[in-house]
Amino acid sequence: MQITDVRVRKVAKEGKLKAVVSITMDDEFVVHDIKVIEGEKGLFIAMPSKKTASGEYRDVAHPINSKTRDRIQGIILDKFEEAMQESKDE
């Protein structure tokens with residue numbers, strides 16, 4: 001599986017949420033609403049989720065293993081940093 005497109009939508013508001021991202025895999029499958037969040041230890045991604053009847057949040061789509069999560073997170077955060085740099089350059 002290859003990530004063939006990453007689209008970053010920066011969030012203008014102040015707060016922990018920095019961007020919302022969509023990724024395309026193999027030019028065939030898209031996952032929307034991946035969040036880039038500023039945490040205590042730096043930036044990380046949160047996969048799309050929904051609130052259950054009990055009030056907890058459950059991921060709608062997510063990687064099966066940590067290696068894949070790390071690879072997806074690395075690609076997304078690299079694109080986020082590029083988008084932030086382009087904003088500064090403008």
Side-chain angles (χ1 to χ4, degrees):
M1 171 194 73
Q2 297 296 316
I3 296 177
T4 52
D5 189 32
V6 178
R7 296 184 186 219
V8 177
R9 295 179 306 280
K10 293 174 279 179
V11 175
K13 303 183 287 189
E14 292 295 320
K16 294 182 181 198
L17 179 64
K18 301 301 178 188
V20 178
V21 177
S22 296
I23 61 172
T24 304
M25 294 172 276
D26 296 331
D27 288 322
E28 295 179 344
F29 188 80
V30 177
V31 178
H32 296 290
D33 297 332
I34 301 171
K35 296 168 188 70
V36 175
I37 299 173
E38 179 78 50
E40 292 179 12
K41 297 178 183 178
L43 295 171
F44 67 94
I45 63 168
M47 297 305 288
S49 61
K50 69 177 183 174
K51 195 173 188 177
T52 65
S54 64
E56 67 181 341
Y57 286 89
R58 300 206 43 144
D59 287 350
V60 175
H62 58 88
I64 298 297
N65 58 57
S66 59
K67 181 181 175 184
T68 302
R69 177 182 270 290
D70 291 344
R71 187 166 64 94
I72 292 170
Q73 179 167 280
I75 292 167
I76 288 173
L77 294 181
D78 287 348
K79 288 291 186 178
F80 173 75
E81 294 296 337
E82 284 177 23
M84 294 302 292
Q85 189 60 44
E86 288 174 8
S87 293
K88 288 179 184 176
D89 292 344
E90 292 176 357

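Hydrogens, waters and symmetry mates are skipped; everything else that's a heavy atom, side chains included, is used.
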Asks: Contact between I75 and D78 at the side-chain level, heavy atoms closer than 4.5 Å - yes or no?
Replies: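 No, too far: nothing below the 4.5 Å cut-off.
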Asks: Is V30 reachable from M47 through a run of hydrophobic residues whose side-chain heavy atoms are each under 4.5 Å from the next?
Replies: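 As far as the 4.5 Å side-chain criterion goes, V30 and M47 are not connected within one cluster.
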Asks: Would you compute the distance between atom CD of E81 and atom CD of E86 and round it to the nearest 0.5 angstrom?
Replies: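 So the gap between those two atoms works out to 12.0 Å.
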Asks: Run the numbers on D33 and K35 for salt bridge (charged side-chain N to carboxylate O under 4.0 Å, His left out), then give the verdict.
Replies: CA-CA 6 Å; D33 297 332; K35 296 168 188 70; over 6 Å; no
Asks: Hey, does K79 have a side-chain heavy atom less than 4.5 Å from the side chain of E82?
Replies: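 Side-chain contact under 4.5 Å: yes.
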Asks: Would L17 and V8 show up in the same hydrophobic cluster when neighbours are defined by side-chain heavy atoms closer than 4.5 Å?
Replies: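 Not linked; separate clusters.
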Asks: What distance do D59 atom CG and I34 atom CD1 have between them, rounded to the nearest 0.5 Å?
Replies: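 One gets 10.0 Å once the value is rounded to the nearest 0.5 Å.
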Asks: Tell me, do Q73 and L43 make a side-chain contact under 4.5 Å, heavy atoms counted?
Replies: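 A side-chain contact is absent here, since even the closest heavy-atom pair is not under 4.5 Å.
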Asks: Return the minimal non-hydrogen interatomic distance between P48 and V31, and the atom names on each side.
Replies: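 That closest heavy-atom pairing would be CG-CG1, 3.8 Å.
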Asks: Tell me whether F44 at atom CZ has more than 12 heavy atoms from other residues, nucleotides or ligands lying less than 6.0 Å away.
Replies: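 Result for CZ/F44: enclosed.
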Asks: Does the side chain of I23 reach to within under 4.5 Å of the side chain of I72, using non-hydrogen atoms?
Replies: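 Answer yes - side chains close enough.
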Asks: At their closest point, which heavy atom of S22 faces which heavy atom of H32, and how far apart are they?
Replies: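 So the minimum-distance heavy-atom pair works out to OG-ND1, 2.8 Å.
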Asks: Which value, rounded to the nearest 0.5 Å, describes the distance between Y57 atom OH and K50 atom NZ?
Replies: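 NZ of K50 is found 12.5 Å from OH of Y57.
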Asks: Check the pair I45 / I37 against side-chain contact (heavy atoms from CB on, under 4.5 Å), numbers first and verdict last.
Replies: CA-CA 6 Å; I45 63 168; I37 299 173; over 6 Å; no
Asks: I need the minimum non-hydrogen distance between T52 and R58, along with the two atoms involved.
Replies: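 Shortest heavy-atom contact: CG2-CG, 3.5 Å.
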Asks: Under a 4.5 Å side-chain heavy-atom rule over Ile, Leu, Val, Met, Phe, Trp and Tyr, are F80 and V20 clustered together?
Replies: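 Different hydrophobic clusters.
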Asks: Under a 4.5 Å cut-off applied to non-hydrogen side-chain atoms, are V11 and R9 in contact?
Replies: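 The answer is no, as the side chains (C-beta and beyond) never meet within the 4.5 Å cut-off.
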Asks: For E28, does its backbone N or O pair with a side-chain atom of D26 as donor and acceptor, under 3.5 Å?
Replies: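 No, the answer is negative, given that no donor and acceptor are paired below the 3.5 Å cut-off.
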Asks: Side-chain contact, heavy-atom cut-off 4.5 Å: R71 with M1?
Replies: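 They are in contact (side-chain heavy atoms under 4.5 Å apart), so the answer is yes.
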Asks: With the side chain counted from C-beta on, respond yes when K18 and K10 share a heavy-atom pair under 4.5 Å apart, and no when they do not.
Replies: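 Result no, sub-4.5 Å side-chain heavy-atom pair not found.
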Asks: Supply the atom-to-atom distance Q2 CD to D27 CG, rounded to the nearest 0.5 angstrom.
Replies: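 It is 10.5 Å, given to the nearest 0.5 Å.
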